[in-house]
Every structure is written in C-alpha cells, then in structure tokens.
Amino acid sequence: MLLVSDLITATLLYAQASLFRSRALSALASGFVFIASLLVAHMLTFPGGFTANGLLGAKFDTAGWIYLCRRGALPAIVLLYVFLRWREYKLPPSEPNPSPLIGWGAAGAVALAALVTVVATSDDLLPPLFVDRLHIARNTLLAINSALVGLILAAMAALFWQRRSVLDLWLLVALSAWLMQLPLSLVGWGRFTVSYYAQFALMPAANLILMLALIAESIRLHARLALSTAARRRERDALLMTMNAMAATFSHEIGQPLTAVTTNAKAELNFLTRPQPDTGKAIEALRASLDAGKLAVEVIKSLRAMAAKEPGRFTEFDLNEVVRQAADLLDRELAGAKISLELELDESVPPVQADRVQVQQVLVNLLINAIESFAETRGKTRRISIRSAPFDDRAVVLEVSDTGSGIAPGDMERIFENFVTTKPTGTGLGLPISRILAEEQGGRLWASPSSGHGGATFHLQLPYSNGPPPSQLA
C-alpha cells in the first residue's frame, strides 16, 4: 500500500512538473520515487521475510538503516524542493524555466536507492543499529532520531517561510505526521513491540495525506477547467446568437430603405427609357431614391450607435413632418399593394424631443408591417390610417391602424418578443427593435385590435420637447 501510494504521488507531481516546467516539483517527485524504491529494499532485506537475515546479503540492522534513511528522505527532499523553487522564483519573467529533467530525476532516484542499499548491506560502513535480530542499540537510535527531528523541523521551518501554494500546506501536514512517529521509536526497544507496530500504523496516514491531497486538487482543477470550458462555450454561443441577431437586425433595418432605392431607381429608368421620356417623373423618382439612400446611411449610423451604446442624437422636430416623409418613402409599396393611406394629423401638437432617424425607423417598420398584413386578405377595404393627437399634457401619440388580417388577442404582447412573427417570411425582429427604439426615446409602443374593420392598431407615444427628459418618462 505504501509503495503504490508513493508511486501515485510521484506520478501526480511529475505531471505538474511537466505542466509548469518546474525542477522543484520534479525533485520532489523523484524524492517519492526514492522513498518507494527504499520500501522495496526494506522488504527484501527484512530479517525473516524471505530468509533468516534477509536477501541481498543483509544483516540484522540492514533493514533498520534503510528504514531510517527513508524517514530522513522526505525532509531532505523538501529542503531541496524549497531551494529549487526559490531559484525558480528568482528567474526573470522573460526567461523560461529550464527543463524539469523528469527521466533523469526518476533514474537518479532509483540509482540512489540502490546505492543506499549497497551501503546498508556492507560491513563496517555503518555503526551497529541492532544488537541482534530483535533488540536495538539505544544510543545509536537516540542520536539518529535526534538528527531526524532536527532535519524535519528545519524542513518545516523552510517550507513555512517559503509557502506559496496548497501543496506546501499539505507537505507541512505530511511532515507533521512523520514527526509524530519519532517519539514512538524512542520508547520502543526493538522489533515487534507495541511502539513498533504503532509506527507502522502511522506510516500509511503520513504517506496517504499528500497523495489524497494531490488527487483532490487535481480533481478540483479538472472541475474548474470543465466549468471554465463550459462557460467559454456558453459565452461563444451567446456571442454567435448576438452576432446573428445583429446581422438580422441590420438586414431588416437597412433592407427597407435600400429596397426603396432600388424601386425608385427602376422607376426612374423606366421613365427615361420610354419612347417619350417623362423627365419630370424621372427627376421625382431620382429624388426619392436619394432620400432613401440618405435614410439608409442614417439608419446605419443609428444602428452603429445602438451597438456601441452611444447616446442618441435627440433633437426637436415636428412629428407630423416625419410621418409625411415616411409616407413618401413607402408611396410605391402602398400603390403596388393597392392600399390607400389616410393621414389624420393634428397640426396643433407641439414638437417632440427624440432621435428623428430612430423615430422614422419605427414608423417605417409599422407601415411595412401594415402593408404585409394585407398579403392574405381578400375582399376587404385596403386602408392604412395614421393619426396624431395629444396623449396628455406631456406626450403625443401616433396611431397606425390597418384593415388587414389583424393580430390574435393572445399575440398582442408576444409579437414584441424576439424572433416571434405571425408572417411566413418574417424575421420576428422588426417589432422588438421598434419597441426598444421607442423606449430609448422615452416613449412607449403597444398594439391593440382595430375597431370596426378588423386589423390592428399600433400606438407610438413620444414626449413633447418641453416635457421631462426622456430618462424620466422611460
């Protein structure tokens, strides 16, 4: 169990060393390979395990020396880890970290463990640790344990002084568990005693602490990565949806004046190519085409300001004049659909304070919707009425009524939602955009059924120029 946990810990540390190009983490991982290799040597040389004295030419105290070297390995490795990491932090930010040398580190750890095993099995290189197979030399054990206590405390002090990560905190916990084992070895007098087995009971806790912490941290990092990836994917999908909506918005809003440009240009060409050219009507169509082109430019500027969240260009203007301009812009569409347009404009209403281009966009959208509402109607009066009147002492209302197919009562509010349309070829963006534009002017836009002849009525409310600021009405 100890061998597997040490190798798993080494693997996790090597993975981090490769990711962060850290020789400090590589040295720490190699230290656990060294500790795991000493476990194999300890098992092979333990007296009574395979032979009476142990394999590899072992003696009574060979396994004990290997065990004590293993006990001192972790604090020594931690000191090396702290030193190498301190050097890495001293590197300039522009200078990349050197290669972690993972392969060399693992091979060096195994070779060093083999060297320790050779020294522990050699005669006269180390003082006696056991007087026989069971009983330990107390003076030697006391001196070695005192040195180990000092080494562990030095490693804990260095790690505490230079702690920078969660790994450092768990290394402190592991060293504390190793430190707790030393008093148990001091009260014992040899192998197979209560203190002896108590030490081996604490060893899994000391070994497993760091492994479980690394596994938990790896799972946490992978979870964060998965959540971050999912968040980026949602952000990308939202961005794509926004881009699609913006593209549809530009297509919808710019398409109307450009269609007027094309229609008037064709009419102009038709007037000029007749056997008897009608220059007067051609000039009139050309002017209408130029007006539509100017409107397209203004719409582009307005949409760009909306996308950039720039403040609108509020000016004072006559709403009735904007109504007449919109009617002139769509004159040929109305004539082509055989729809009569009635204007009931109250000339006494004061000027309004708003963005003229955006108000004209809203009005054109409403007229286009009214024209398209007659696509499937037969045998009915084809009429659109525009009426302006005071709404109260602060605002004017503009009503666009038609006798078309109308709107179902349950759809009166839904038609202002994005991508909701009652037309086979509709985009579902015209009315939502129109409502947004109306609210940006400090006004409102809503719909109701038309009385008498079916159809629908759209109400556009806008503030007077001498009323409160649009932000207070919105």
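Residue numbers count from 1 along this sequence. Keep in mind the model is a prediction, meaning the values are calculated, not measured.
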Distance in Å, [X] [atom1] paired with [Y] [atom2], rounded so as to fall on 0.5 Å steps:
X	Y	atom1	atom2	value
E372	S405	CD	OG	10.5 Å
N270	D278	CG	CG	10.0 Å
R356	Q358	CZ	CD	13.5 Å
M156	L171	CE	CG	11.0 Å
Q461	L445	CD	CG	10.5 Å
R324	L341	CZ	CG	11.5 Å

Could you tell me whether the side chain of [Y] reaches within less than 4.5 Å of the side chain of [X], counting heavy atoms only?
X	Y	value
I35	L2	no
P277	T273	no
L460	Q441	no
Q360	Q325	yes
Y464	P390	yes
I415	F458	yes
L39	D6	yes
Y81	L25	yes

What pair of heavy atoms forms the shortest contact from [X] to [Y], and how long is it?
X	Y	answer
L79	A158	CD2-CB, 3.9 Å
L151	A76	CD2-N, 4.2 Å
A354	F317	O-CE2, 3.5 Å
F374	T381	CE2-O, 4.0 Å
S373	G404	OG-CA, 3.7 Å
V349	A389	CG1-C, 4.0 Å

*Is the side chain of T457 donor-acceptor paired with the backbone N or O of S401 at a distance under 3.5 Å, no angle test?*
no
*Can L345 and E347 be said to form a side chain to side chain contact (heavy atoms under 4.5 Å, CB included), step by step?*
CA-CA 6 Å; L345 306 178; E347 300 297 340; 4.2 Å; yes
*Test side chain to side chain contact (heavy atoms under 4.5 Å, CB included) applied to I386 and E344, step by step*: CA-CA 6 Å; I386 304 178; E344 301 176 17; over 6 Å; no
*Step through the shown structure and confirm whether more than 12 heavy atoms of other residues, nucleotides or ligands are within 6.0 Å of CZ on R274.*
yes
*asked:* So, applying side chain to side chain donor-acceptor pair (under 3.5 Å) with S388, which one of N320, D346, D318 is it?
replied: N320
*Any side-chain donor paired with an acceptor under 3.5 Å for N365 and S434?*
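Yes, side-chain donor-acceptor contact under 3.5 Å.
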_Does the plane of the ring in W446 sit parallel, tilted or perpendicular to the ring in H459? Use 30° and 60° as the thresholds._
parallel
*asked:* Walk me through whether L367 and I384 qualify under side chain to side chain contact (heavy atoms under 4.5 Å, CB included).
replied: CA-CA 8 Å; L367 286 172; I384 297 176; 4.0 Å; yes
*Output yes when E439 and R444 qualify as a salt bridge under the 4.0 Å nitrogen-oxygen rule, no when they do not.*
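Salt bridge: no.
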*Partner of L363 under side chain to side chain contact (heavy atoms under 4.5 Å, CB included), chosen from L319, V400, L330, I368*: V400
*Excluding sequence neighbours, so at least two apart, what forms side-chain contact (heavy atoms from CB on, under 4.5 Å) with A106?*
Y14
*asked:* Going by the rule side-chain contact (heavy atoms from CB on, under 4.5 Å), which residues pair with L7 if we only count those two or more places apart in sequence or in a different chain?
replied: L3, A36
*Reference residue E342; test salt bridge (charged side-chain N to carboxylate O under 4.0 Å, His left out); the match among R387, R382, R383*: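 Testing each of R387, R382, R383 against E342, the sole residue satisfying salt bridge (charged side-chain N to carboxylate O under 4.0 Å, His left out) is R383.
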*asked:* Run the ring pair (Phe, Tyr, Trp, His ring centres under 6.0 Å) test against W86 and tell me which residues pass, sequence neighbours left out.
replied: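 Residues passing ring pair (Phe, Tyr, Trp, His ring centres under 6.0 Å) with W86: none at all.
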_Using the rule given for side chain to side chain contact (heavy atoms under 4.5 Å, CB included), can you reason through V359 versus V352, listing the C-alpha separation, both sets of side-chain angles and the distance that settles it, and then say yes or no?_
CA-CA 10 Å; V359 171; V352 297; 6.0 Å; no
